[in-house]
Protein chains: 2
Amino acid sequence: MDSPADTTPLAALLAKVPQPEPGRRKGALHGSTVAQLRNLIVTGALAPGAKLNERELCLQLGVSRTPVREAIKTLTQDGLLRALPNKSSVVAELDVGEIEALIDVVSTIEGLAGELAAARATDEAVAEIGMLHYRMMLHHTRDELPGYFEANKAFHRRIVELAGNPVLLWIWELLALRVDRARYSSNLWPKRWKMAIQEHEQILAALTAGDAALASQRLREHVRNGLSGLVAALKERGEAAKPGSA
Amino acid sequence: MDSPADTTPLAALLAKVPQPEPGRRKGALHGSTVAQLRNLIVTGALAPGAKLNERELCLQLGVSRTPVREAIKTLTQDGLLRALPNKSSVVAELDVGEIEALIDVVSTIEGLAGELAAARATDEAVAEIGMLHYRMMLHHTRDELPGYFEANKAFHRRIVELAGNPVLLWIWELLALRVDRARYSSNLWPKRWKMAIQEHEQILAALTAGDAALASQRLREHVRNGLSGLVAALKERGEAAKPGSA
DNA sequence: CGAAAAATTCTTGCATACAAGAATTTCGAC
DNA sequence: GTCGAAATTCTTGTATGCAAGAATTTTTCG
């Protein structure tokens with residue numbers, strides 16, 4: 001049902017008015033906004049507890065409120081933000097208790113990944129994971145933290161992918177967000193580099209041998225060691241920050 | 001529309017026009033929309049593969065597109081919907097492969113829950129879980145599927161809560177959505193009722209004894225049995241549906 | 001000067017308007 | 001009659017407007 005007089009469907013005739021950046025496609029704003037905001041949170045650029053003002057974020061990211069609000073909802077579901085009714089969302093605190101909770105879950109999940117991956121490990125797949133391991137060592141020798149970081153994550157991700165279980169990968173990615181955030185928050189990591197590399201070698205060996213039980217156990221312990229060290233570092237820093245309490 | 005001469009910033013003066021249901025608070029639409037839509041999907045009222053027309057959903061749920069779109073995004077993240085660029089989102093197919101993937105992950109997660117829960121089980125907590133077990137038996141004897149369903153889920157949830165690990169609970173709830181959907185889709189469940197009740201008793205015994213390893217193992221196997229039966233039922237029905245293939 | 005209350009301002013929650021891409025229909029040529 | 005192309009319609013993606021609730025400031029009274 002259209003209007004009575006002559007409001008014809010015309011807009012198509014003009015159509016070429018604003019030209020808002022030629023390279024920008026339509027469905028890309030949500031994804032990129034989520035990615036940007038997530039990065040700000042995971043890297044700590046947005047500190048835990050910080051309030052998110054939607055209008056400010058709009059200006060900062062150059063988009064309207066709609067994608068910003070969608071991104072906030074998404075990241076809230078991922079556990080990186082906390083939503084308060086009728087108030088600004090805030091960056092989730094990363095308390096030590098939650099990281100301790102992560103230890104059990106992530107180690108179990110990666111343990112399962114190791115078990116499944118070992119059963120499916122082909123020479124090619126193992127070689128690829130080995131390559132990631134060596135890349136990580138390279139970054140270690142060069143003292144390149146970001147590269148080390150990335151290669152480490154790729155090593156673990158590849159194992160989870162090798163497990164061939166999409167649900168497992170989905171869960172792992174959710175957990176990885178929180179783990180990454182915890183890692184960024186404590187850059188005392190160089191201490192564990194050497195140990196982590198040795199453990200990776202052991203894991204690789206178990207995968208090469210196709211020993212599911214061993215791969216599972218070693219991955220479990222590797223994750224547990226890493227996150228436990230992280231908790232210790234955070235606790236230490238927490239104590240240092242507030243020396244009065246004891 | 002009124003005359004253009006007096007377009008002053010007035011609207012505040014009138015203000016009392018629509019009166020949109022007195023009991024409705026402000027921040028409630030998103031949550032309730034998600035819940036309603038999720039229910040439609042999990043129960044199968046919206047069949048797998050069905051296209052979601054936003055405008056239709058608006059009319060059906062009586063809200064505007066904003067909360068509907070937010071709900072769609074939320075459920076997409078939960079894996080219940082699939083988003084296609086510039087096209088209608090569709091209800092995720094529940095292929096047997098995904099349910100098989102769920103078996104390993106859910107059994108592992110609940111196994112971990114059992115392990116942690118057994119270590120923390122107080123008499124009171126065990127009694128509460130036992131009550132849920134008996135409620136489930138009651139619904140069983142009365143042949144009340146929905147009540148049985150609910151009590152069963154409460155039984156499992158309570159164990160996960162008892163584990164005292166918020167990350168574990170979060171993951172479990174995500175997985176439970178998909179499991180519920182799979183359960184609803186195959187109502188051949190009565191076959192497993194008796195067996196499930198026996199297994200629950202065994203689990204309860206292990207929790208009572210505080211035997212972490214045993215509780216973990218029994219929960220793992222219980223979940224595996226349940227989901228495997230479900231897969232078998234779905235495969236059977238799939239074969240029956242397309243007898244020509246194979 | 002201090003404190004409580006009122007009013008302003010600011011921010012979120014929801015609704016709607018507009019634009020871009022996809023689907024469908026219509027029209028024309030062969 | 002059928003196939004193909006153009007145009008209309010429909011649907012999603014994004015931006016913006018408006019109202020309710022929260023925060024802040026101002027004002028007034030003790």
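The chains referred to below are lettered A, B, ... by the order of the sequence lines, with proteins before strands, and numbering in each begins at 1. These values consider heavy atoms only, across backbone and side chains, with no hydrogens, waters or symmetry-generated copies.
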Query raised in the report: Are A/Glu161 and A/Arg158 close enough for a salt bridge, meaning some N to O gap below 4.0 Å?
Result: yes
Query raised in the report: Taking DNA chain C as the partner, which of residues 51-59 of chain A come within under 4.0 angstrom of it by heavy atom?
Result: A/Leu52, A/Asn53, A/Glu54, A/Arg55
Query raised in the report: If each of A/Lys87 and A/Pro67 is mapped to the nucleotide of DNA chain D with the nearest heavy atom, which maps nearer the 5' terminus, i.e. the 5' end?
Result: A/Pro67
Query raised in the report: Can you tell me how far C1' of D/dA19 sits from CG of A/Asn86, to the nearest Å?
Result: 12 Å
Query raised in the report: Got a donor-acceptor contact below 3.5 angstrom from the B/Arg65 side chain to the B/Cys58 backbone?
Result: no
Query raised in the report: So does B/Glu150 have more than 12 non-hydrogen atoms from other groups sitting under 6.0 Å from CD?
Result: no
**Report entry** Any A/Arg69 side-chain nitrogen or oxygen under 4.0 Å from OP1 or OP2 of C/dG13
**Finding:** yes
**Report entry** Whole angstrom value for the distance that separates C1' of C/dG13 from CD of A/Glu70
**Finding:** 14 Å
Query raised in the report: What integer distance in Å separates B/His30:NE2 from C/dC14:P?
Result: 9 Å
Query raised in the report: Atom CG in B/Asn165, atom CG in B/Leu169: separation rounded to 0.5 Å?
Result: 8.5 Å
Report summary line: Rounded to whole Å, the CG-P distance (A/Leu29 to D/dT16) equals 12 Å
Query raised in the report: Between D/dT14, D/dG17, C/dA15, which nucleotide has the shortest distance from any of its atoms to the side chain of A/Arg65?
Result: D/dG17
Query raised in the report: Which part of the nucleic acid, if any, lies within contact of B/Thr66, taking any heavy atom under 4.0 Å across all strands shown: a base, the sugar-phosphate backbone alone, or nothing?
Result: base
Requested in this report: Under the side chain to side chain donor-acceptor pair (under 3.5 Å) rule, collect the residues that match up with A/Lys235, sequence neighbours excluded.
Outcome: A/Glu100
Requested in this report: Would you mind checking if A/Arg82 and A/Glu98 are paired as a salt bridge, meaning a charged N to carboxylate O distance below 4.0 Å?
Outcome: yes
Requested in this report: Please state how far atom CG in B/Leu61 lies from atom P in C/dA15, giving the value in whole angstrom units.
Outcome: 11 Å
